[in-house]
S.K.: 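Sharing a structure here in structure tokens format.
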Number of protein chains: 2
Amino acid sequence: MPSLTRKAETFSALVLEVFQLNGLLLQAGDRLSAPAGLTSARWQVLGVIDHGPATVAAVARTMGLARQSVQQTADALAKEGFVEYVDNPHHQRAKCVSLTAAGRRALRKVEQAHAAWADRLGASIAPALLAAAVEGVREARLRLEKDLGVEARPHEG
Amino acid sequence: MPSLTRKAETFSALVLEVFQLNGLLLQAGDRLSAPAGLTSARWQVLGVIDHGPATVAAVARTMGLARQSVQQTADALAKEGFVEYVDNPHHQRAKCVSLTAAGRRALRKVEQAHAAWADRLGASIAPALLAAAVEGVREARLRLEKDLGVEARPHEG
DNA sequence: GAGCATTTGACAGGAACCTGTCATAATGAC
DNA sequence: GTCATTATGACAGGTTCCTGTCAAATGCTC
């Protein structure tokens, strides 16, 4: 690499750590949700609409993903019976994604496993260090969002 | 969610932050490497073999990815002329991936942009906070690796 | 050296994200 | 009310990761 400053090196170290942790978290999420017949991505969508039915576009905005990514996940969930599209009084075309009984059952199951997992991991790290990690990563995220410009989130094509 | 403990809530907050930061970092990486005709994934492979030619399997181990993921990226890089497969004296079948002149040129270009970017971002965060973030995320990664078991990295199928 | 396990690249297929394009529904300017 | 703009879902296609399977090359045991 072309001589990085000390700050640049520390930031790069954070990048590498975040990449690796992200991969492990996805792996852990898949493991938590697999017994319920779900994956990380599908579980997260169910979690969003647990607060109430929402359109695909609204879910995408909540999750910070592209609209079409969530569309694909929602279609898959519908095909497998975890969600259903219900009429939206506010929009003729944009139906709402709603949990089915099976979806709610699966979600509850994953949430129980998730609670135990998060407690186990959260308790394994010194509270001050864990809090500092959250704060530091949030700060980095905010700076990066600003650095990337207002177009930080995926938008329409 | 089913009543999470305080530690579990903090850990979950870290998870959400890491997911979001990861997405933004990929976006930033793509933006840095696009002017050189690369993407985040391809740039990273070039970075590994900049230290010297290596087999696809060796690159995968270095990056912590599945062998076949890197195989695909390397094949794409070869097709576009950024790398070439050269004979490996130690193995008849497993050729080494080696930078071409064009690959080296592209890599240098991205590295310059990356250095400026990392310095800008690294300097925008209080040094103590940045260091704490690195330490906290690393700790979380290590705990999670242990929690997931020895099978933490992708392995052969 | 013969035989078996491991490593490797090739090939196939799937999951989850992305972008772009299109027609339709909603919204806002006038 | 009309018309341009925006939001939305459907559809198509691409990238990057994954897994599984196979044959060839290597390495290890004996």
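Please read all numbers here as calculations on a predicted model, not as lab measurements. Letters A, B, ... mirror the listed sequences (proteins, then strands); counts begin at 1.
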S.K.: In whole Å, I'd like the distance from the CG atom of A:Leu26 to the P atom of C:dC17.
M.R.: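 Atom-to-atom, A:Leu26 to C:dC17, this comes out as 8 Å.
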S.K.: Return yes if the base of D:dA23 and the side-chain atoms of B:Arg93 contain a donor-acceptor N/O pair under 3.5 Å, otherwise no.
M.R.: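 Result: at least one qualifying N/O pair found.
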S.K.: How long is the line joining CZ of A:Arg61 and C1' of D:dG9, in whole Å?
M.R.: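 Atom CZ in A:Arg61 sits about 13 Å away from atom C1' in D:dG9.
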S.K.: What's the NE2-C1' distance between B:His90 and D:dG27, to the nearest Å?
M.R.: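 Taking atom C1' of D:dG27 as the reference, NE2 of B:His90 is at 14 Å.
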S.K.: In terms of side-chain geometry, is the basic nitrogen of B:Lys95 or B:Asp87 positioned less than 4.0 Å from the acidic oxygen of its partner?
M.R.: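 Here B:Lys95 pairs with B:Asp87 in a salt bridge, since their nearest N and O are under 4.0 Å apart.
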S.K.: Rounded to the nearest 0.5 Å, how far apart are CG of A:Leu144 and CD of B:Gln27?
M.R.: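 It comes to 8.0 Å.
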S.K.: Looking only at side-chain N and O atoms, does A:Gln71 come under 4.0 Å of OP1 or OP2 in D:dT8?
M.R.: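 For D:dT8, OP1/OP2 do not have a side-chain N/O of A:Gln71 under 4.0 Å.
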S.K.: Quick check on DNA chain C: between A:Gln44 and A:Pro89, whose nearest nucleotide comes earlier from the 5' end?
M.R.: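 Upstream on the strand: A:Gln44.
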S.K.: Of the listed nucleotides (D:dA10, D:dG20, D:dG9), which one gets closest to any side-chain atom of A:Gln68?
M.R.: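 The answer is D:dA10.
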S.K.: Looking at A:Asp50 and A:Arg108, is there a salt bridge between them, counting it only when a charged N and a carboxylate O are closer than 4.0 Å?
M.R.: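 Salt bridge present between A:Arg108 and A:Asp50.
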S.K.: Between A:Tyr85 and A:Gln72, name the one whose nearest nucleotide on DNA chain D is closer to the 5' end.
M.R.: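 Its nearest nucleotide lies further toward 5', so the answer is A:Tyr85.
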S.K.: Find the distance B:Gln27:CD to C:dT19:C1' and express it as a whole number of Å.
M.R.: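 Going from B:Gln27 (CD) to C:dT19 (C1'), I get 13 Å.
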S.K.: Can you tell me which nucleotide in C:dG9, C:dA15, C:dC17 comes closest to the side chain of A:Thr39?
M.R.: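 Between C:dG9, C:dA15, C:dC17, the one nearest the side chain of A:Thr39 would be C:dA15.
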S.K.: Heavy atoms under 4.0 Å, any strand shown: does B:Ser40 hit a base, just sugar-phosphate, or nothing?
M.R.: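 The answer is nothing, as B:Ser40 stays clear of every strand by at least 4.0 Å.
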S.K.: Ignoring hydrogens and geometry beyond distance, is the side chain of A:Arg42 in donor-acceptor contact with the base of C:dA15 at under 3.5 Å?
M.R.: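 No, no donor-acceptor pair under 3.5 Å.
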S.K.: Any side-chain N or O of B:Ser69 under 4.0 Å from OP1/OP2 of D:dC18?
M.R.: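 Looking at the OP1 and OP2 atoms of D:dC18, one of them is under 4.0 Å from a side-chain N or O of B:Ser69.
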S.K.: Between B:Ala94 and A:Ala76, just flag the one whose closest nucleotide in DNA chain C comes earlier from the 5' side.
M.R.: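 By nearest-heavy-atom nucleotide position, the 5'-most residue is B:Ala94.
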S.K.: Please answer whether the main-chain N or O of A:Thr39 pairs with a side-chain N or O of A:Asp30 as donor and acceptor at a distance below 3.5 Å.
M.R.: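 Answer holds: no.
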S.K.: Return the value, rounded to whole Å, for the distance between atom CG of A:Asp87 and atom P of D:dG9.
M.R.: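 For the pair A:Asp87 CG and D:dG9 P, the rounded distance is 13 Å.
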S.K.: Please find the pair of heavy atoms, one from B:Ala74 and one from B:Tyr85, that lie closest to each other, and give the distance.
M.R.: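 Shortest heavy-atom separation between B:Ala74 and B:Tyr85 comes out as CB-OH, 3.4 Å.
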S.K.: Can you tell which of B:Arg141, B:Glu135, B:Arg143 makes a side-chain contact (heavy atoms from CB on, under 4.5 Å) with B:Glu139?
M.R.: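 Among B:Arg141, B:Glu135, B:Arg143, the one meeting side-chain contact (heavy atoms from CB on, under 4.5 Å) with B:Glu139 is B:Arg143.
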S.K.: Ignoring hydrogens and angles, does a donor from either the side chain of B:Gln92 or the base of D:dA24 sit under 3.5 Å from an acceptor on the other?
M.R.: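 Per atom types, no contact qualifies.
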S.K.: Rounded to whole angstroms, how far apart are CG on B:Asn88 and C1' on D:dA24?
M.R.: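 Taking atom C1' of D:dA24 as the reference, CG of B:Asn88 is at 15 Å.
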S.K.: Find the distance B:Asp75:CG to C:dT8:C1' and express it as a whole number of Å.
M.R.: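 It works out to 13 Å between those atoms.
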S.K.: Taking only the side-chain nitrogens and oxygens of A:Arg67, find out if one of them lies under 4.0 Å from OP1 or OP2 of D:dT6.
M.R.: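 No.
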S.K.: By nearest atom, which of the nucleotides D:dT16, D:dT8, C:dC17 is closest to the A:Thr73 side chain?
M.R.: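 It is C:dC17.
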S.K.: Roughly, in whole Å, what's the span from NE2 in B:His91 to C1' in D:dG27?
M.R.: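 These atoms are roughly 10 Å apart.
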